[in-house]
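Quick note on labels: first sequence line is chain A, next is B, and so on, each numbered from 1.
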2 protein chains.
Amino acid sequence: MPRRTPAEPEPAPDAEPDAAARIREAALELFATRGFHGTGIRQLAERAGLSSATLYHYMGTKEDLLVALMTGGLDRLIALAEAVEAEEPDPLRRLAALVRLHVREHAERPRETRVVDDQIGVLDGAARDAVVALRDRYEDVWRRALDPLVGDPRVALADAAAAALARRALLEMCTGVAHWYRADGALRLEALGEAHAAMALRLVGATSPR
Amino acid sequence: MPRRTPAEPEPAPDAEPDAAARIREAALELFATRGFHGTGIRQLAERAGLSSATLYHYMGTKEDLLVALMTGGLDRLIALAEAVEAEEPDPLRRLAALVRLHVREHAERPRETRVVDDQIGVLDGAARDAVVALRDRYEDVWRRALDPLVGDPRVALADAAAAALARRALLEMCTGVAHWYRADGALRLEALGEAHAAMALRLVGATSPR
DNA sequence: TCTAGGCTGTCGATCGATCGATCGACCACG
DNA sequence: CGTGGTCGATCGATCGATCGACAGCCTAGA
């Protein structure tokens with residue numbers, strides 16, 4: 001039986017997760033695979049081990065639950081990206097670090113990222129605006145890495161349009177990792193990130209490997 | 001007023017499209033924006049200018065309609081890709097041509113490609129198998145362009161794993177065009193394809209522009 | 001220490017709305 | 001007078017969401 005420090009406020013790592021966490025887990029799994037509209041309240045409840053009525057003790061509407069998952073995922077991504085930005089002043093090296101980060105997150109947490117990337121269309125009004133604003137804030141970090149590279153002799157980005165094109169291409173290419181990467185495959189996670197960083201640098205025309 | 005050749009069998013370009021075409025158009029628009037489960041039969045009927053009952057005179061089930069859209073889109077893509085393959089023997093030039101083709105199709109027909117790319121998850125059983133088989137057949141064309149490039153001194157693809165990684169990266173990057181490209185933007189379609197071909201060649205490490 | 005009262009969490013039952021799909025009737029046209 | 005196309009009405013099922021009931025537990029006051 002596991003010993004627990006009396007002063008330990010966090011739950012034991014092997015403890016049964018509480019209802020809120022189970023709901024989150026179920027929604028992540030089902031929204032990512034079946035989609036928001038393809039997932040029913042009762043299906044969600046069964047997966048979480050609760051009745052559909054109990055679900056509503058923890059969440060607002062089904063849409064509120066989706067928005068919470070999306071904002072949570074994007075908040076995490078933004079925090080990580082802004083941390084990279086803060087500690088890597090050189091735009092080219094920062095770009096490579098952002099690629100590694102984006103690839104790692106999409107490979108390790110495909111459900112979170114797929115919900116964010118694929119289910120924005122089901123939102124509208126203020127909820128959609130809020131999520132889109134977060135996504136824009138994340139992409140702004142990429143902009144602040146790519147835009148200063150325009151005219152940099154180390155790369156081949158002729159103008160702002162080329163930088164915008166490269167930004168979209170890189171984001172889509174790295175986001176796509178969530179569509180096909182399987183953790184049980186032969187490719188290790190770190191190698192995946194390095195390979196994508198190398199492809200990204202070549203894509204923007206970087207000559208030296210460094 | 002446009003003159004029409006009397007022997008012309010195709011419908012006049014400005015004629016009212018028939019019901020089947022209107023259904024197809026409505027389904028394309030709604031499935032691409034709202035998703036399959038987010039689109040109701042009545043919504044579909046209203047968009048097509050019909051009653052929901054009349055819909056069933058033309059289609060089988062709602063799922064049959066989706067499968068028809070998907071197979072139609074994939075058949076077109078496969079035919080175009082195999083035509084490129086037939087007339088371009090050099091793998092590197094063929095890869096560039098495939099990139100141009102994929103980008104053009106995703107920019108010009110974002111609804112078709114988005115339905116194919118995003119809605120596979122709602123299918124299961126035989127229908128899913130059939131669509132996945134078509135998608136695999138399309139990607140096989142890409143495999144047959146990239147795999148022979150392994151070890152080719154013109155590019156930097158060390159082994160089969162690198163080729164597979166590049167294939168996925170390129171497909172995702174070019175597919176993503178359907179997510180953001182707008183025909184009314186400043187970027188012309190041909191320039192878009194050329195830019196992506198250039199990025200693709202750099203991504204695989206091609207040195208010469210030719 | 002005992003107990004009354006109020007939270008917290010859970011559920012079965014059920015609400016009105018909408019879902020995908022079907023039916024028989026009707027209409028225009030050949 | 002049959003056939004292809006269209007529709008209103010309606011089917012049973014399922015949808016998202018709500019309700020009242022109640023069990024367990026914590027705490028305050030006797």
Side-chain angles (χ1 to χ4, degrees), chain A residues 6 9 11-12 15-70 115 119-128, chain B residues 9 11 15-70 115 119-128:
Chain A
E16 187 82 351
D18 65 3
R22 294 204 312 273
I23 292 173
R24 188 191 143 85
E25 192 66 16
L28 229 34
E29 186 72 26
L30 291 172
F31 287 172
T33 55
R34 311 271 187 237
F36 178 77
H37 288 301
T39 302
I41 286 290
R42 289 159 186 80
Q43 203 177 350
L44 212 46
E46 188 186 15
R47 183 71 152 240
L50 298 169
S51 76
S52 68
T54 305
L55 234 49
Y56 285 90
H57 181 76
Y58 292 93
M59 68 184 199
T61 65
K62 196 177 95 165
E63 186 170 326
D64 289 339
L65 177 58
L66 174 66
V67 171
L69 291 179
M70 286 182 159
V115 168
Q119 307 296 322
I120 291 194
V122 318
L123 299 180
D124 55 2
R128 182 190 182 103
Chain B
E16 186 83 351
D18 66 2
R22 293 205 313 273
I23 292 173
R24 188 191 142 84
E25 193 66 16
L28 229 34
E29 185 72 25
L30 292 172
F31 288 171
T33 55
R34 312 269 187 240
F36 177 77
H37 288 301
T39 302
I41 286 292
R42 291 160 185 79
Q43 202 179 350
L44 212 46
E46 188 185 17
R47 183 71 150 238
L50 299 168
S51 76
S52 67
T54 306
L55 233 50
Y56 286 89
H57 182 76
Y58 292 92
M59 67 184 199
T61 66
K62 197 176 95 165
E63 186 170 324
D64 289 339
L65 176 59
L66 174 66
V67 171
L69 291 179
M70 286 181 160
V115 168
Q119 308 295 322
I120 291 194
V122 317
L123 299 179
D124 56 1
R128 182 190 182 103

Worksheet entry | CD1-CG distance between B:Ile23 and B:Asp18, expressed to the nearest 0.5 angstrom | 9.0 Å

Discussion item. Please evaluate residues B:Val67 and B:Asp64 with respect to the criterion side-chain contact (heavy atoms from CB on, under 4.5 Å), reporting the C-alpha separation (whole Å), side-chain torsions for both, the decisive distance (0.1 Å), and the verdict.
Written reply: CA-CA 5 Å; B:Val67 171; B:Asp64 289 339; 5.5 Å; no

Worksheet item: Rounded to whole angstroms, how far apart are CG on B:Leu66 and P on C:dG20?
Response: 13 Å

Worksheet item: Among C:dA21, D:dT6, C:dC11, which is the nearest nucleotide to the side chain of A:Ala53?
Response: C:dC11

Practice prompt. Check the distance between D:dG16's C1' and A:Gln43's CD and give it to me in whole angstrom.
Written response: 14 Å

Worksheet, complete the sentence: Rounded to whole Å, CD of B:Glu46 lies from C1' of C:dG20 at a distance of 17 Å

Worksheet, complete the sentence: Rounded to whole Å, the OH-P distance (A:Tyr56 to D:dA21) equals 22 Å

Worksheet, complete the sentence: note: A:His57, atom NE2; D:dA23, atom P; distance rounded to Å ~ 18 Å

Worksheet item: Between atom CG in A:Leu50 and atom P in C:dG9, what is the gap in whole Å?
Response: 12 Å

Worksheet item: Can you check the B:Arg22 CZ to D:dG5 C1' distance for me, whole Å?
Response: 12 Å

Discussion item. Whole angstroms only, please: what is the CD1-P distance between B:Ile23 and D:dG5?
Written reply: 11 Å

Discussion item. By nearest heavy atom, map B:Arg42 and B:Ala19 onto DNA chain D; which one lands nearer the 5' end?
Written reply: B:Ala19

Worksheet item: Near A:Glu46 CD, under 6.0 Å, is it more than 12 heavy atoms from other residues, nucleotides or ligands?
Response: no

Item to complete: Ignoring the backbone of A:Thr54, work out which of C:dT22, C:dC11, D:dA17 is nearest its side chain.
Response: C:dC11

Practice prompt. Check the surroundings of atom CD in B:Glu63: do more than 12 heavy atoms from other residues, nucleotides or ligands lie under 6.0 Å from it?
Written response: yes

